[in-house]
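One structure below.
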Amino acid sequence: RTAAEVFGGEVPCRSYTFLFHVLEGAGGGLEHRDSCVCGFPPFAFRPKRSYQRQLSLISHEYFHTWNVKRIRPAELGPFDYGAENYTRLLWVSEGFTSYYDGLILRRAGLTSVPVFLDGLARMIRTLGETPGHAVDSVEQSSFDAWIKLYRPHENLRNMTVSYYLKGALVALLIDLTIRDATDGAKSLDDVLRALWAGYRARPERGFTESELMEALAGAAGRSLEPEIGAWVKGTGPLPFEETLARVGLALVPSDGSGPSRPWLGIVPGEGGKVKEVLDGSPARAAGLNAGDELIALDGFRLGDLSERLAEKQAADRVVFTVCRRGRLREIPVVLGGDPGFDRALRPREGAGEREERLFTGWLGEPLSAAKESAGPPPKEPAPRPI
C-alpha cells in the first residue's frame with residue numbers, strides 16, 4: 001500500500017508474486033513485471049537489523065513494479081534481446097529505487113527514523129570510500145553498466161561509481177531540494193507521479209531525459225538543470241551538509257576516535273590477501289598491490305589486521321611483510337589519518353521551526369527522533385576498506 005501511494009494508489013498488476021530463494025550464498029534480486037526473485041542466506045532474518053536489511057531488498061524489487069518495469073528510460077524497451085541496450089538514466093531507474101526502498105519501509109512503519117538515517121549515513125560513507133566517484137559521473141556509470149559494474153575487478157572502486165549508490169544519494173538531494181523549494185508542498189513523489197502519468201498516457205515507450213527534466217522542474221517550481229549538471233553529469237563532491245541542513249540534520253563523526261585513528265586504505269580479501277587498494281591511500285603510496293598476501297606487521301605474524309591497526313595512530317610508520325607472487329618482501333607504510341568516512345546523521349544545533357517542519361513532512365516524525373540510536377548495525381554484506 002505504501003509503495004502504491006507514491007503513484008496515487010494505483011497498483012498496475014492484478015496479483016504479485018515474491019519468489020524467495022533461501023540458501024547459502026544467495027543474495028540480490030531481479031524484478032519482473034508482476035513478480036520478483038529474491039535471494040537470502042538462511043540465517044539472514046535475525047537479529048532485527050538483519051531482517052530489516054532483507055526487507056529493503058523486498059521493498060526495492062517491488063518498487064520496480066512501477067519504476068523500471070513501466071516507468072522506464074526510452075532506451076529500455078521494447079528491447080532488442082540480441083544486443084546491449086544502453087541508457088544514461090539508470091541512476092533514475094535503480095538509484096531512485098534504492099532511495100525509496102528504505103523510505104517506503106520508514107513510511108510503512110517497518111523501520112524507525114534512526115534506522116533509515118543510519119542507512120543514509122552508510123551510503124554516504126560508502127560513496128566516500130569509492131575513489132571512482134571523482135573520476136566517473138553517475139550518468140556515465142549508467143551508460144557503462146555492461147562493461148563495468150557487472151564485471152568487477154580489483155580496480156573497479158577506483159575507476160567508477162555505482163549508479164545504485166550515487167543514484168540513491170542524488171535522489172535524496174533532489175527530494176530535499178524540492179521540499180525546500182516548495183516549503184514542503186511537493187517532493188520527489190511528485191516527479192514520479194508525473195512520470196507515471198506519462199507512462200499511462202503512452203505505455204508503448206519510456207521517458208526521455210528532457211521529459212525527466214520537465215517533471216523535475218514541475219515539482220520544484222524551477223529548473224533543476226544546475227543541480228543535475230553537477231550531481232549527475234559531473235564528478236564533484238555532493239552537497240550533503242548544505243542540503244541535509246535544510247531538514248535540520250548534520251553529518252557528525254560516528255565515533256570518538258578522532259583524527260588520530262589510523263587509515264591504511266585497502267579492502268581485505270580471503271586468506272590474508274589484499275583484495276583492493278584505494279587510490280590516494282597510504283597503501284597505494286607505499287606500493288601495496290591487490291593480491292599481496294599480508295604475512296606480518298612490524299616483524300610479528302599478522303592475525304586480525306583491524307585489531308593490529310587499532311594499536312597504531314595516524315602518521316605511524318609500520319612495515320608489512322608481504323608475499324607477492326611467491327617472493328617475500330618488506331614494504332614500509334606511513335599510516336594516514338581518519339579520512340572522515342564514518343559519519344552519523346544527527347539533529348543540527350540551532351535547527352529552527354521550518355527545518356523541523358520539513359523533517360516531519362519527510363519522515364513523519366519530529367526531528368528529535370533523529371537523536372535516538374539505530375542499534376547495532378547489520379553485518380556488512382562485503383568487506384570494508386580499513
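Quick note: numbers below take in every heavy atom, side chains included, and nothing from hydrogens, waters or symmetry partners. Here the structure is a predicted model, which is why all the values come from computation and not from measurement.
Under 4.0 Å is where a charged nitrogen must lie from a carboxylate oxygen, and between R343 and E241 no such pair does. Under 4.0 Å is where a charged nitrogen must lie from a carboxylate oxygen, and between K233 and E209 at least one such pair does. Under a 4.0 Å N-O distance rule, the pair R246/E355 does not qualify as a salt bridge. Between D304 and R308 there is no salt bridge, since none of the side-chain N atoms of the basic residue sits less than 4.0 Å from a carboxylate O of the acidic one. Note on D180 versus R354: salt bridge recorded, some NZ/NE/NH1/NH2 to OD/OE distance being below 4.0 Å. Between E353 and R357 a salt bridge is recorded (basic side-chain N to carboxylate O distance below 4.0 Å). A salt bridge does not link D279 with R157: every distance from a Lys NZ or Arg NE/NH1/NH2 to an Asp or Glu carboxylate oxygen is 4.0 Å or more. For K148 and D144, the salt-bridge test passes: some basic side-chain N is under 4.0 Å from an acidic carboxylate O. A salt bridge links R261 and D342; the closest N-O separation between the charged side-chain nitrogens and carboxylate oxygens is under 4.0 Å.
Defined by atom type and a distance below 3.5 Å, a donor-acceptor pair is present between the side-chain atoms of D189 and Y100. In summary, the side chains of H60 and E94 do present a donor paired with an acceptor at a separation below 3.5 Å, with no hydrogens or angles considered. No side-chain donor-acceptor contact under 3.5 Å links D101 and S56. Between the side chains of W196 and E10, at least one donor-acceptor pair of N or O atoms lies under 3.5 Å.
Residues L76 and F143 are members of separate hydrophobic clusters, defined by side-chain heavy-atom contacts under 4.5 angstrom among Ile, Leu, Val, Met, Phe, Trp and Tyr. Linking ILVMFWY residues whenever their side-chain heavy atoms come closer than 4.5 Å, directly or via other members, leaves I124 and W263 in distinct clusters.
The neighbour count for E204 CD, taken as heavy atoms of other residues, nucleotides or ligands under 6.0 Å away, is above 12. Around atom CZ of R46, no more than 12 heavy atoms belonging to other residues, nucleotides or ligands sit under 6.0 Å away. Within a 6.0 Å sphere centred on CZ of F18, heavy atoms belonging to other residues, nucleotides or ligands number more than 12. Open room surrounds NZ on K273; 12 or fewer heavy atoms of other groups in view lie less than 6.0 Å from it. In this structure, F300 places its CZ atom where only 12 or fewer heavy-atom neighbours from other residues, nucleotides or ligands lie under 6.0 Å away. Within 6.0 Å of CD on E349 lie no more than 12 heavy atoms contributed by other residues, nucleotides or ligands.
For the pair H133 (side chain) and V161 (backbone), a donor-acceptor distance under 3.5 Å is absent. Judged by distance alone, with hydrogens and angles left aside, the side-chain atoms of T160 form no donor-acceptor pair with the main-chain N or O of L156 at under 3.5 Å.
Closest non-hydrogen pair, T235 versus D136, comes out as CG2-C, 3.7 Å. Pairing each heavy atom of A283 with each of I266, the nearest pair is CB-CG2, 3.4 Å. Of all heavy-atom pairs spanning L57 and G29, the tightest one is CD1-N, 3.9 Å. The two residues V322 and L294 come nearest to each other via the heavy atoms CG1-CD2, 3.6 Å.
Ring pair F63/W66 is tilted by interplanar angle, where 30° to 60° counts as tilted.
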Inset, instruction - Check step by step if side chain to side chain contact (heavy atoms under 4.5 Å, CB included) holds for M213 and E225. - result: CA-CA 7 Å; M213 296 306 297; E225 288 189 10; 3.4 Å; yes

Inset, instruction - For F43 and F45, run ring-ring contact (aromatic ring centres under 6.0 Å, His included): C-alpha distance rounded to whole Å, both residues' side-chain angles, the deciding distance at 0.1 Å, then the answer. - result: CA-CA 6 Å; F43 302 102; F45 305 100; 9.5 Å; no

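Relative to the ring axis of F116, R106 does not place its NZ or CZ within 45° and under 6.0 Å from the centre.
By the 4.5 Å heavy-atom criterion applied to side chains, I58 and F20 are counted as neighbours.
Taking the six-membered ring wherever Trp is involved, the centroid distance between the rings of W91 and F96 falls below 6.0 Å.
Shown are I295, D298, V274, L305; of these, the side-chain contact (heavy atoms from CB on, under 4.5 Å) with F320 is made only by L305.
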Identify every side-chain donor-acceptor pair in residues 323-334 under 3.5 Å, counting partners at least two apart or on other chains, and give the distances.
unit_1, atom_1, unit_2, atom_2, d
R324, NE, D292, OD1, 2.8
R324, NH2, G287, O, 2.9
R324, NH2, D292, OD2, 2.8

